[in-house]
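These notes are about the structure you will find just below.
What you are looking at is a predicted structure, and each value in this text was computed from that prediction instead of being measured. Note on naming: letters A, B, ... go to the chains in the order of the sequence lines (proteins, then strands), and numbering restarts at 1 for each one.
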Amino acid sequence: MSHVPLDTAPPAGLPARPFKAFLEERLGLDALAHLAEKKRVPLHRTTVFYFLGGMALFLFGIQVVTGILLSLYYKPSPDQAFESVRAIMTEVEFGWLIRSIHSWSANLLIGVLYLHLLTTFIMRAYRRPREFTWMTGLVLLALFLAFGFSGYLLPWNQLAFFATKVGTDIAGGVPLVGKYVLLLARSGEEVTGDTLARFYSLHVVILPLVTLAVLGVHLYLVQKHGMSIPHPVIRRYGGEDRVPSIPFVPDFLLRDMVGWYVALGLLAVLAALFPWELGVKADPFGSAPEAIRPEWYFLFMFATLEQTPSYVFGLENKQAVVLFFSLVGLVVLLVPFLDRTADWGGPRRVLSFLATWAVCAFIIQTGVGLGLLHFRLGTSVATSGAAAVVLALVYLAYCRFAGREDRA
Amino acid sequence: MSDSPTPMPRRNWLLRLLQGSIAASIAAIFYPVVRFLWPRPATVSGAAEVTAPFTVEELKARYARGEVPPPFNFDNKPCLVVLLPDGEIRAFNAICTHVACTVAFRPDKKDIFCNCHNGVYDLNGQPVSGPPPRPLQAYKVIRRRLPNGQEEIIVSRTA
């Protein structure tokens, strides 16, 4: 591509491409084109990790489109919510497809975000100057979990009703302000139609607006700092500038789009083979049904709530669990500042071990939540810790054997 | 003016006035919004007593069929009524003290069970195992003979 700067255009008469010049004068599109041309994506062993952010963005786009479509038929009131979703599933043409894709895509999106977080941690892409990219990303993960939680109530079925009761009650376990948080979240002491309206507004207005704003900052930062390259890769090539790369437009974008196309196909298959269930309409006074459990991405918390004893160091079960996960969240948020050797690519043993432990615990607790493992809390902690030690030893042995540095 | 040696109290005073006005405006904007977000009064309070949707005789008949009637609405909360083998009737607020799921009576195990996180209470509402930290809130039960010979169950909050 070659651009002819405006000032070298024919001085007299019409410019060579009048329409383009007309737009350029008014919109300054050349700046954008220049930005797109400049962006490059490094090629190395873990380039595949760079696809996760774009994949999350694509799935978010699917959520926006299918969500707008669903809002055309959905009615947020306890008398009509369940019936309107049933109508979407049975009467509206392709309603089952739109709703199933919305639900499946939400689940894939959370999965992709968890992986995006993990791979960013592995690559230490959060290191200076990308600390805020990491932190805004973590805020986005929290926002999408809130999307999942608020959207779950909307069909007003039994599972949704109790998930909301439990979720808001846990929020009520926050010290001092918990009681007010609960009243504001539920719009009363119990989960009622007012709660449903609140969650609907949250799901379709408030969260999208906040998400777009935070996403804007996140993407601006990604654009500003470019793609982070792991230290070992930089060392191998002898400098950041010498790592081979491809242009983002069109090379990487086309690869991105292949991934999106595959994801779209996967969503279609999942929606067609496993249409999302509607369940039984919520009865606000009925007992919780057997084998009730939340979506998979909340199972680790659900299992921990069940295993934790009634009181821990004088704190009630839910307060202890809220406190623990808040502290974990805070540590994850502050990872860029806790990793003191990230700047020069020094060893990161403690954080890496803790992260391995956390991932093992997440997997084991998800298994407990699914009812596949029958572990007490101590067993879960010990097993995941042992698994983390074994993985660390295997990694160290691999480094020794392969003659690689114990780094990154 | 700029090199005046004395401070200008009038300007400071005006500045305070401006800051105060801005603060008052912000408060005037946010106060109604916060009050608007606060739950409506109707959703906070409820009834003082309620008659169960079944009589003692109906409850016995349903237990005999292996059925357990689900909790019913009392004071906007689920109310669980349990008929003990000795004929005594107890009523509880069915909201689990752990994280607010609704508990169920298990006649075969003679306990009150929460399906959400496997919390178990005995028939006095005391937590036996699992995560629940406190006993279920107990209600007062009054039995009243109806003209048709059956006994109705009236549940009220203990004083």
- Item | Positions in residues 131-138 of chain B that reach chain A, provided some heavy atom is under 4.5 Å away | B/Pro131, B/Pro132, B/Pro133, B/Arg134
- Task: Verify the neighbour count for atom CD of A/Glu277: are there more than 12 heavy atoms of other residues, nucleotides or ligands below 6.0 Å?
- Result: no
- Partner chain A: residue of B/Pro70, B/Ala104, B/Cys116 with the largest heavy-atom pair count (under 4.5 Å): B/Cys116
- Residue part contacting chain A, namely of B/Ala94, when any heavy atom lies under 4.5 Å: neither
- Message: Could you check whether any side-chain N or O of B/Arg40 sits under 3.5 Å from a backbone N or O of A/Gly188, counting only pairs where one atom can act as donor and the other as acceptor?
- Response: no
- If one checks every heavy atom of A/Phe161 against chain B at 4.5 Å, the contacting part turns out to be neither
- Message: Counting only heavy atoms not in B/Arg65 (residues, nucleotides, ligands), do more than 12 fall under 6.0 Å from its CZ?
- Response: yes
- Message: With a 4.5 Å cut-off on side-chain heavy atoms, are A/Phe285 and B/Thr102 touching?
- Response: no
- Please say whether more than 12 non-hydrogen atoms of neighbouring residues, nucleotides or ligands are located less than 6.0 Å from CZ in B/Arg106. yes
- For chain B, which residues from residues 168-176 of chain A have at least one heavy atom closer than 4.5 Å to it? A/Asp169, A/Ile170
- Would you say the side-chain atoms of A/Ser187 pair up with the backbone N or O of B/Pro39, donor to acceptor, closer than 3.5 Å? no
- Bottom line for A/Pro294: the part with an atom under 4.5 Å from chain B's heavy atoms is neither
- Portion of A/Arg186 that has a non-hydrogen atom of chain B nearer than 4.5 angstrom: side chain
- Query: Mind checking what makes ring pair (Phe, Tyr, Trp, His ring centres under 6.0 Å) contact with B/Phe92, not counting sequence neighbours?
  - Reply: none
- Query: Around B/Gln19, counting heavy atoms of other residues, nucleotides and ligands shown, do more than 12 lie under 6.0 Å from its CD?
  - Reply: yes
- Query: With respect to B/His117, which candidate in A/Thr304, A/Ile292, A/Val166 satisfies the side chain to side chain contact (heavy atoms under 4.5 Å, CB included) definition?
  - Reply: A/Val166
- For chain B, which residues from residues 306-329 of chain A have at least one heavy atom closer than 4.5 Å to it? A/Glu306, A/Thr308, A/Ser310, A/Tyr311, A/Glu316, A/Asn317, A/Lys318
